[in-house]
Amino acid sequence: MYNFNKIEAKWRKYWEENQTFKTDIWDFSKPKYYVLDMFPYPSGVSLHAGHIEGYTATDIVSRMKRMQGYNVLHPMGYDSFGLPAEQYAVQTGNNPNGFTQRNIETFTEQLKSVGFDYDWTKMVQTSDPKFYKWTQWIFKQLYLDGYAKYINMPVNWCEELGTVLANDEVIDGKSERGGYPVVRKNMKQWVIDQPAFAETLLAGLEEIDWPESTKEMQRNWIGKSIGAQVTFQIKDTDKTFNVFTTRCDTLFGATYCVMAPEHELVDQITTKEQQAAVKAYQQECAKKSDLERTDLNKDKTGVFTGAYAINPVNNQAIPIYISDYVLASYGTGAIMAVPAHDDRDFEFAMKFNIPIIQVLEEVTGTPHENECTKNSIVAIVYDPKEEKYLTINWHEQGGRLFIGGTRKENEDAVSCAIHEIKEETGYVDVKLITEDFKINHHYYAYNKDKYFNIEATPLLFELQSDQKVAPELEEDEKFSVEWVSKEVIDKEITDELHRKSFEYVLHPMAMCGDGIHINSEFLNGMNKEEAIHTMIQWLEEHHCGKKQVNYRIREWIFARQRYWGEPMPIVYLEDGKIHVLDDDELPLILPELDDYKGHNGKAPLENAIEWKQYDHNGLKGVRDTSTMPGSAGSSWYYMRYIDPDNEEVFANPELLKHWMPVDLYIGGPEHAVGHLLYSRIWNHYLYDKGLSPVKEPFQKLVHQGMILGANGIKMGKRYPEYAIDPLDIVKNYGADTLRLYEMFMGPLEASKPWSQQGVEGAQRFLDRVYRLYQSDKISEQSNPNLDKVYHQTVKKVTDDFENLSFNTAISQMMVFVNAVYKEDIFPSAYADSFLQLLNPIAPHITEELWHTVMGHEETIAYSKWPTYDERYLVETEKTIAVQVNGKVRATITVLEEDSNEEIEKKALAAENVKRHIADKEIVKVIVIKGKIVNIVVK
RNA sequence: GCGGGUAUGGCGGAAUUGGCAGACGCGCUAGACUUAGGAUCUAGUGUCCCAGACGUGCAGGUUCAACUCCUGUUACCCGCACCA
């Protein structure tokens, strides 16, 4: 076994002493390549296997690009503000900075031990005043441009952490960190106006090479929906309120309105009689945490306010309820409810006995020209004693159906149905159960040779007794009355109308799809899309509504009542005005405290009595004592790497123009709607101001998958016995082995289980390579036997690295090594190139062999990446398969210049093929040149 | 419930535009070298009723040919979740 510990230490020292990986940022002579990792939070625990995976991937790409002649920027830094350091400070009374710096030292040591090619002279720390000066400065610009605002709004308040949280920091009603309960609370807060960026963020997604799932998550998070705002007047007052709806076409079906319990109008419109009930309900809702509020959504609750709203399209007065199924924070905090065509409204209406008006008919069947129209019924009779349904079996004429019939003029659906049941089956003692909707059905009647478009009303009856009269129609071989079970119906009733009828009658529900409008005056006969369009026009003409776009994304709550973050560069002056610090007052440095704990829900900086007092240039006031969220610094750090020591600007514009955007960004998928959205917002903003040269900061994004424990179980706190410490692997197997193994495990994006035996396999390969280079096979002679596999390997490794398919690149290198082992001569040119191909994955061992065996003086890191010659890849002679009726029966050797006829001749001549086509007729022979021959016989 | 993804030997996983399913590694079996082997090298390794048949979650379809395309379906993973 080669001495990996010694070799790895030797070359790490060499790289550091020679500043091998220092990027000359001003060297514009070569094309640039900016490859970035998501920087870690320097916690007390060390790097885990997942970090190594992502960091190795970028390391490989950066090393290959460097060898391909790019000027590569591959920096690393620390997201060093955050909660664990804060908690350490609270518990020990020590400044969190010391704790943070110690962790950073450990992390840096660990990262170096894995051999990553970071340019450490570019390192940034978000908690460094030199860095956060510019975080504060960008915030200041956002404030001056009106995007950062100090407003009163409902926030996520976590009592346990003593701070507000952003929406992405709340998971299932609990804090992301610690899992403490989170409640809604109204507070005056610093926020960033995210909805202002919604459109540009959506548009930008089209330009970038990101995983579709992540883009989709961002789209959902932004949550654009196009609809209409409709203004309702409150009956007998001059008050109005707006609702947002995506289905203004169903306005004629609105039978009530709902306001969120917190809606500002609720107190003003509630009638005396309802006041007590409304107050009680509001209090009940306020007490609930977000978790309880969403958890208790199985059953709808609500209270009538006593007030009525006037539906602008028909001047009907409809009741106004309050219910927590309407959220104060979305849309206008009030809705129009259309129970016939919305699931939630349907559920609420059923519970509170509110009328349901159908305004949209589902359409079944296919429309046809020259249809006759009529009204009809589908009667479904249920016998609860036998648990069977009454059907008519029309045998050949039309299969099994329920009882159907045409309504005569002036005949209502129920009497028609009762009449038809009697006429066709003789049963007379039936009770109506439901009759709530209509279906629009197109069909062709064979017996009449006509196309029909009918409006059908399905009705459910229950059989009360077996009482019967003689039916008008006698049963015969064409027609029989049968009671059957639900299973038989599911199987045998195929008619679309009858199936739909049965489905709706058994499970009444809202019809949310498309259809034909009814009961809707000027919309009647239109489909959904047409009706929405028409209704918006009508609303605008009558000044009671308009087209409206709504976003789910809300203000980004930007202040935390914590210590370990960037202080807000804000002062509240004595006259109540807000003052933002001058540039020369930045950075506003975080003061040392005696006590890092907040008291009574107040920020820890409240303890900095002197620091708080502001008296500068004749302005007196009090500083804001909140700090920025963890995602502030990480929203722009990628630009600071380019120019980390600049004291005049956050980064030199000329450098930014050359280096941005990040060409490849690799990190975990957990930041999909946090960091990755915030960064885009800041970058879009800076781009609009001309301070960033590109709109989108990260051109290509890839997420590495999770590395699981050996049993496929997530590593971590719950199962520490399965946790793998990558540094143990470095010590016991070598950094090169760790890197090779993690890259060979499987596709970068996939989750994959750890295998100790796999680690040993990786080490075995490296040792095999090492021994190969110690052998006397390396020679100045050439070896044509290796030409093809060599060029194939160069091509595949280059392509696969480019596509981040490291597992298959490694597999190809193994194929190459296996091939060399079978040969006596390993040409030194190939031996050189192979080290270069393997270098990005295993930098130490390859650098060692490059110098000690191949005799190079200079580092391998800047050697020219090998190229392949296409000539060796085209195969003059190829073995292809011959199939007979799609089954492989033989393989034949064909030459590049063989014509299809010659190939066919060879195929037919193969022994095993002859046997399989003997005494059969050849229907045709398919020859795909260079691929396969298929002989079809009969 | 909605959105996205995955499913291939004992295991991790390969398979350009549909064209010899199982590359490569792990594990396993046998042999060589050895005092020895948990080192190394060589050969083998999808299943079965083995001149053949079957086989990429399940059921269909398209095609000369399907892991790959189409329809339906199941299981698991991730995200969102009363968003009007």
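Each chain gets a letter, A, B and so on, in the order the sequences are listed, and its residues count up from 1. All values derive from a computational prediction rather than experimental measurement.
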If the [atom1] atom of [N] is compared with that of [M], how far apart are they to the nearest Å?
N	M	atom1	result
B:C49	B:G10	P	15 Å
B:C70	B:C76	C1'	24 Å
B:G46	B:A21	P	14 Å
B:G79	B:G72	P	27 Å

Counting heavy atoms from C-beta on, name the nucleotide in B:G12, B:A43, B:A84 closest to the side chain of A:Lys822.
->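 The answer is B:A43, which lies nearest to the side chain.
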Nearest to side-chain heavy atoms of A:Arg771, which nucleotide of B:G12, B:U40, B:C80 |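 Shortest atom-to-atom distance from the side chain points to B:U40.
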Have a look at [X] and say if it touches a base, only the backbone sugar-phosphate, or nothing, with a 4.0 Å heavy-atom cut-off.
X	value
A:Arg219	nothing
A:Thr214	nothing
A:Pro747	sugar-phosphate
A:Ser225	sugar-phosphate

Identify, with sequence neighbours excluded, every residue that meets ring-ring contact (aromatic ring centres under 6.0 Å, His included) alongside [X].
X	value
A:Tyr504	A:Phe437
A:Tyr281	none
A:His791	A:Tyr872

Taking atom CE of A:Met350 as the centre, does the number of heavy atoms from other residues, nucleotides or ligands within less than 6.0 Å exceed 12?
->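 No - once you tally the heavy atoms of other residues, nucleotides and ligands closer than 6.0 Å, there are 12 at most.
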Please name all residues satisfying side chain to side chain contact (heavy atoms under 4.5 Å, CB included) with A:Ile825, sequence neighbours left out, ordered by chain then number.
->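 Testing A:Ile825 for side chain to side chain contact (heavy atoms under 4.5 Å, CB included), a comparison that skips the adjacent residues, returns A:Ser779, A:Gln781, A:Asn783, A:Pro827.
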Please list, one pair per line, the donor and acceptor atoms closer than 3.5 Å that link side chains of residues 547-555 of chain A to other protein atoms, with sequence neighbours excluded.
residue: A:Tyr551; atom: OH; partner: A:Glu199; partner atom: OE2; Å: 2.3
residue: A:Arg552; atom: NE; partner: A:Asn220; partner atom: O; Å: 3.2
residue: A:Arg554; atom: NH1; partner: A:Ser329; partner atom: OG; Å: 3.3

Output one letter per nucleotide in [range]: B when a protein non-hydrogen atom lies under 4.0 Å from the base, S when only the sugar-phosphate is that close, - when neither is.
range	result
nucleotides 17-39 of chain B	B-BB--BBSSS------------
nucleotides 68-76 of chain B	---------
nucleotides 46-57 of chain B	------SSS---

Residue pairs involving residues 243-259 of chain A (criterion salt bridge (Lys or Arg N to Asp or Glu O under 4.0 Å); sequence neighbours excluded) |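 Residue pairs passing salt bridge (Lys or Arg N to Asp or Glu O under 4.0 Å), neighbours aside: A:Arg247-A:Asp249.
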Look for any protein N or O under 3.5 Å of an N or O in nucleotides 3-6 of chain B and output each such pair with its distance, or none.
none

Taking only Watson-Crick and G-U wobble pairs with both distances under 3.5 Å, what dot-bracket line describes RNA chain B, where [ ] shows pairs that cross earlier ones and | shows pairs with another strand?
-> (((((((..(((......[....)))((((((.......))))))(((...)))..(((((..]....))))))))))))....
Please tabulate, one pair per line, all N/O donor-acceptor pairs under 3.5 Å involving side-chain atoms of residues 880-894 of chain A, not counting sequence neighbours.
residue: A:Asn885; atom: OD1; partner: A:Val937; partner atom: N; Å: 3.0
residue: A:Asn885; atom: ND2; partner: A:Val937; partner atom: O; Å: 3.4
residue: A:Arg889; atom: NH1; partner: A:His916; partner atom: NE2; Å: 3.4

